[in-house]
Amino acid sequence: MTFPVVGMVGGGQLARMTHEAGIPLGIRFKLLSDTARDSAAQVVGDVVVGDYRDLETLRAFAQGCDVITFDHEHVPTEHLRALEADGIAVRPGPDALQHAHDKGVMRARLSEIGVPCPRHRLVTDPADVARFAAEGDGFPVVLKTVVGGYDGKGVWVVRDEDGATDPFLAGVPVLAEEKVDFVRELAANVVRSPHGQAVAYPVVESVQVNGVCDTVIAPAPDLGAELSAQAQQLALTIAAELGVVGHLAVELFETRDGRILVNELAMRPHNSGHWTQDGAITSQFANHVRAVLDLPLGDPRPRAKWTVMSNVLGGDFPDMYSAYLHCMARDPQLKIHMYGKDVKPGRKVGHVNTYGDDLADVRERARHAADYLRGTITE
Ligand code: ADP
């Protein structure tokens, strides 16, 4: 058997869908998962249940893998350095991944290479937050724990000094940022290989509801050619400067005065790229697999004029399968992707993709299917 083994750390839906993309290529997967029930652990044949925070667990897991990659950015950077010192191919490597792991490191490095970011600095306590506010346009200010946040957890919008105590309770360094007056959020997604080959997907609009991604529209409607090219170039520059291997998502704010600012980076397949499964010639997952194996990258261009992805969040209605009958009958072009996760309120349990020529229609079909699966509508 000459086909390589990809070691995937983390058993979430991103791992599950990356594995899925490797199947037609005959790529073998080995998974390090927190539990045997995790989304990817249900479908990967070779699963090790263990703690990614433990170096010896990681070392034992890496035996027999040709390359290690990730479904999240939480593995301690020093462990990744130790694996590299053992001669293991870690992609993306720790030098790159530390920027996705720690928002403070990310902001410092992006500022150094001249990437436009919101005004920011590390803060030590609520009084320091008040000083940060006074140095700029005042409150509100956005506070973020530098590590461990996701889906809006670990992010606070604070209106005064008294409201700034919670972020400091976790004992993790806190980053303060100006609250950007943005018109919308965009994402520029690129994939880069160790050879330095890189591809850029069309820039997308990402609609957030309560800090969680709700819908992604590809390409971002009414985004001028200049701003679009600028966003793609920015993402390619960040990927090259930071030495990223694999998929890089650059989350952006489009400001009222027509600028783009970088919000954050993810160095793995990302929710803003799920549309590529059905809407691009090569999906983000397939290209991530190719990149970590240093294979030539696939064409990132769209297959349809518009593709819309809507997340399916858990609601009060646990039996999503019973909704398939209606959804599939109503829209034969609908693509449903479920993650095998238990339905809990607000939890991402799947997504749908729709595509076509009429954006309003494509959006309506995605919205309808996501709401029907969730159980918030019944017809
Ligand atoms: P995470 O992805 O870890 O949840 P983010 O840094 O992406 O955290 O923040 C979550 C959301 O909070 C963003 O999508 C955006 O809507 C809002 N947000 C974050 N930073 C700012 C900021 N500086 N100004 C305005 N809104 C922000």
Side-chain angles (χ1 to χ4, degrees), residues 10 12-14 70-75 97-111 115-123 129 132-133 135-159 163-164 166-167 170 172-189 203-217 220 231 234-235 238 247-257 259-274 309-311 313 346-348 351:
Q13 64 263 26
L14 301 175
F70 309 91
D71 130 304
H72 58 69
E73 45 270 312
H74 304 316
V75 180
L97 204 54
Q98 60 176 338
H99 301 92
H101 177 71
D102 183 315
K103 290 178 184 183
V105 174
M106 180 265 289
R107 283 280 178 248
R109 180 83 177 111
L110 292 188
S111 304
V115 168
C117 289
R119 188 176 74 83
H120 63 273
R121 72 167 167 82
L122 290 168
V123 284
V129 175
F132 172 81
E135 288 156 18
D137 295 331
F139 284 100
V141 162
V142 178
L143 298 180
K144 302 179 175 181
T145 54
V146 295
V147 292
Y150 67 99
D151 283 353
K153 295 181 180 63
V155 176
W156 293 261
V157 178
V158 299
R159 303 197 180 280
D166 284 359
V172 174
V174 176
L175 183 74
E177 292 180 0
E178 67 172 299
K179 184 168 186 303
V180 177
D181 182 21
F182 58 82
V183 277
R184 59 176 170 173
E185 296 188 55
L186 304 171
N189 292 341
V203 177
V204 298
E205 175 174 345
S206 144
V207 182
Q208 316 280 320
V209 176
N210 300 326
V212 179
C213 174
D214 178 81
T215 291
V216 169
I217 307 167
L234 199 62
I238 293 169
H247 188 266
L248 169 72
V250 181
E251 294 181 24
L252 300 163
F253 298 128
E254 184 181 354
T255 65
R256 233 161 262 288
D257 53 0
R259 291 172 304 134
I260 45 176
L261 301 175
V262 172
N263 174 28
E264 73 160 347
L265 308 180
M267 294 179 195
R268 49 169 170 76
H270 188 255
N271 204 166
S272 63
H274 289 1
M309 187 277 335
S310 282
N311 277 326
L313 302 186
R347 187 182 200 196
K348 287 179 190 169
H351 66 271

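We count ligands from 1, going down the list as the structure has it; atoms in each ligand are counted the same way. Nothing here was measured: the structure is a model prediction, and the numbers come from that model.
Interatomic distance, Asn271 CG to His351 NE2, rounded to the nearest 0.5 Å: 8.0 Å. Interatomic distance, OG of Ser206 versus CG of Leu186, reported as 8.5 Å (0.5 Å rounding).
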Would you mind writing out the side-chain donor-acceptor pairs for residues 260-270 within the sub-3.5 Å range, not counting sequence neighbours?
residue : atom : partner : partner atom : Å
Asn263  : OD1  : Lys144  : NZ           : 2.9
Asn263  : ND2  : Glu251  : OE1          : 3.4
Arg268  : NE   : Glu73   : OE1          : 3.1
Arg268  : NE   : Glu73   : OE2          : 3.3
Arg268  : NH2  : Glu73   : OE2          : 3.2
His270  : ND1  : Ser272  : N            : 3.2
His270  : ND1  : Ser272  : OG           : 2.7
His270  : NE2  : Glu251  : OE2          : 3.0

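At least one donor-acceptor pair closer than 3.5 Å links the side chain of Arg119 to the backbone N or O of Phe132. At least one donor-acceptor pair closer than 3.5 Å links the side chain of Asn311 to the backbone N or O of Cys213.
Closest approach of Val183 and Thr255 over heavy atoms only: CG2-O, 3.8 Å.
The contact shell of ligand 1, taken as protein residues with any non-hydrogen atom closer than 4.0 angstrom, comprises Lys103, Val142, Lys144, Gly149, Tyr150, Asp151, Gly152, Val155, Glu177, Glu178, Lys179, Val180, Phe182, Glu185, Gln208, Glu251, Phe253, Asn263, Glu264.
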